[in-house]
Amino acid sequence: MIVLVGFMGSGKSTVGRLLAVRLGVPFLDSDEALEARQGRSIAQVFAADGEAAFRRLERETIASLLSGPESVLAVGGGAVQDESTRSVLVSHTVVYLAAPLETLRERLGDDASRPMLRRAGVDELYARRLPLYEEVADVVVESSGSPGQVAERVLRAISP
Ligand code: S3P
């Protein structure tokens with residue numbers, strides 16, 4: 001399984017879809033899968049049940065997707081905070097799509113569908129997660145330029 005990790009706005013879903021087409025495998029997204037399983041949006045899960053409940057659902061969703069057929073999987077930006085998720089990622093090819101926080105902020109704007117963005121302390125969140133992305137990653141790819149360029153960079157980085 002090829003797993004894309006990185007902060008919100010790093011292009012995991014857009015680049016992941018392109019990569020999946022190039023590799024001829026399905027594309028999966030843990031956020032979408034979680035919403036489909038729950039029958040409600042991530043914003044609704046956060047609002048009704050809180051972040052801890054969301055993280056539990058996220059952990060279960062990712063573990064189940066990783067046990068399925070070979071795919072490209074984009075995981076939510078906070079998934080690496082979970083120790084159990086980090087340990088299941090070890091047996092997969094993990095790509096960290098890296099970008100400076102200023103770039104991510106520009107891309108994201110004020111997105112109501114991302115509850116974590118609405119909180120104070122996004123800078124701290126970014127700083128806290130950065131070492132975790134690096135820890136789980138087999139390769140780090142700069143997420144600058146067009147999604148197509150980033151996908152090409154990923155393909156080069158993961159080809160044997
Ligand atoms: C989150 C990132 C989101 C989503 C949820 C929480 C986070 O995914 O899982 O809103 O904690 O960074 P994206 O990284 O795809 O935006």
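All ligand and atom numbering here is 1-based and tracks the order in the structure.
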* How would you list, by chain and number, the residues with a heavy atom under 4.0 angstrom from ligand 1? -> Met8, Lys12, Asp31, Ile42, Phe54, Arg55, Glu58, Gly76, Gly77, Gly78, Arg114, Pro115, Met116, Arg129
* Do side-chain atoms of Lys12 reach the backbone of Phe7 as a donor and acceptor pair under 3.5 angstrom? -> yes
* Asked: Looking at residues at least two apart in the chain, or sitting in another chain, which of them share a ring-ring contact (aromatic ring centres under 6.0 Å, His included) with Phe27?
  -> none
* Set of residues satisfying side-chain hydrogen bond (donor to acceptor under 3.5 Å, both in side chains) with respect to Glu35, sequence neighbours excluded -> none
* Run the salt-bridge test on Arg55 and Glu51 with the 4.0 Å N-O cut-off and return the result as yes or no. => yes
* To do: Using a strict 4.0 Å threshold on nitrogen-to-oxygen distance, state whether Arg17 and Glu32 make a salt bridge.
  => yes
* Asked: Tell me the salt bridge (charged side-chain N to carboxylate O under 4.0 Å, His left out) pairs involving residues 150-160, sequence neighbours left out?
  -> Arg22-Glu152
